[in-house]
Amino acid sequence: LPCLLRLTSESGFLFYVPDWVQALFLETGLLACVVVVIIAQLMPQIVASIYPTQFLELLGMWPAYWACIALETSGVTHICWVLASIMSRVFGMKEEIAVDQVEKAIVVVDKNGNKDHAGYVSQGFVKFEDASSRGLA
């Protein structure tokens, strides 16, 4: 009879969980991180981008909004610009310009009205390898 009243398995869970699942997801906190990112970050971000006015009208949003503005004004969050600059220099990244700004950025028109493209478009972004050889970038 005592075996019938036991609600957990040998590992302490309600159902059998393999040791590798327990070690990878439950003991490291990876599962908790995934749940927090999905529920606490991505879902509100998507809802706020689709319905910004109604999102700010939800209970508790105005204090949260002003807390974020105060934190941003303090300058603490601006360290991300320093980290982004360091990362771009370490990996040798070059700045890209979106397609809607391409014609303004890389098209050169000579006296006869001929257009000369200084760069080329690749998957929605302009790469400046050709522009640098012509002294335009």
Side-chain angles (χ1 to χ4, degrees):
L1 188 65
C3 293
L4 296 175
L5 297 176
R6 195 171 82 187
L7 297 175
T8 60
S9 65
E10 294 95 26
S11 63
F13 295 101
L14 291 174
F15 51 89
Y16 172 73
V17 177
D19 290 336
W20 67 272
V21 172
Q22 183 177 351
L24 181 66
F25 293 110
L26 303 175
E27 292 177 6
T28 62
L30 181 63
L31 182 62
C33 290
V34 169
V35 170
V36 166
V37 166
I38 290 172
I39 294 175
Q41 181 185 1
L42 295 177
M43 188 270 305
Q45 186 175 353
I46 291 170
V47 171
S49 67
I50 297 172
Y51 312 104
T53 306
Q54 292 137 346
F55 186 76
L56 278 176
E57 291 175 355
L58 291 174
L59 183 64
M61 284 299 123
W62 277 107
Y65 171 77
W66 286 111
C68 291
I69 294 297
L71 186 66
E72 176 85 20
T73 305
S74 72
V76 174
T77 59
H78 294 288
I79 190 67
C80 68
W81 291 100
V82 175
L83 297 174
S85 176
I86 291 170
M87 187 179 95
S88 65
R89 288 183 183 163
V90 166
F91 292 108
M93 297 177 179
K94 295 182 181 179
E95 189 173 341
E96 297 176 344
I97 297 178
V99 172
D100 60 345
Q101 300 171 358
V102 170
E103 293 296 322
K104 297 176 187 173
I106 65 167
V107 175
V108 178
V109 180
D110 62 8
K111 293 179 184 178
N112 298 329
N114 298 327
K115 291 184 178 180
D116 184 22
H117 293 278
Y120 61 93
V121 177
S122 172
Q123 295 180 354
F125 289 91
V126 176
K127 295 188 178 181
F128 286 102
E129 286 82 12
D130 294 336
S132 61
S133 66
R134 297 179 187 202
L136 298 173

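A quick note: this is a predicted structure, and the numbers were derived from the prediction, not measured.
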Checklist entry - Hey, quick one: are Met87 and Trp81 part of the same hydrophobic cluster, counting side-chain heavy atoms closer than 4.5 Å, chains of contacts allowed? => result no

Item to check | Residues in side chain to side chain donor-acceptor pair (under 3.5 Å) contact with Glu72, at least two apart in sequence or another chain | outcome: Thr77

Next on the checklist: If you count heavy atoms of other groups shown closer than 6.0 angstrom to CE of Met93, is the number above 12?
Outcome noted: yes

Next on the checklist: Under the rule for side chain to side chain donor-acceptor pair (under 3.5 Å), what residues qualify as partners of Glu57, not counting sequence neighbours?
Outcome noted: none

Checklist entry - Listed by chain and number, what are the side chain to side chain donor-acceptor pair (under 3.5 Å) partners of Ser88, not counting sequence neighbours? => result none

Next on the checklist: Keeping Thr73 on the side-chain end and Ile69 on the backbone end, is there a donor-acceptor pair under 3.5 Å?
Outcome noted: yes

Would you mind writing out the side-chain donor-acceptor pairs for residues 29-49 within the sub-3.5 Å range, not counting sequence neighbours?
residue : atom : partner : partner atom : Å
Ser49   : OG   : Gln45   : O            : 3.4
Ser49   : OG   : Ile46   : O            : 2.8

Checklist entry - Pairs in or reaching into residues 23-34: which pass side-chain hydrogen bond (donor to acceptor under 3.5 Å, both in side chains), with residues at least two apart or in two chains? => result Gln22-Glu27

Next on the checklist: According to ring pair (Phe, Tyr, Trp, His ring centres under 6.0 Å), who are the partners of Tyr65, at least two apart in sequence or on a separate chain?
Outcome noted: Trp62

Next on the checklist: Taking Val90 as the starting point, is it possible to reach Val82 by hopping between hydrophobic residues whose side chains are less than 4.5 Å apart?
Outcome noted: yes

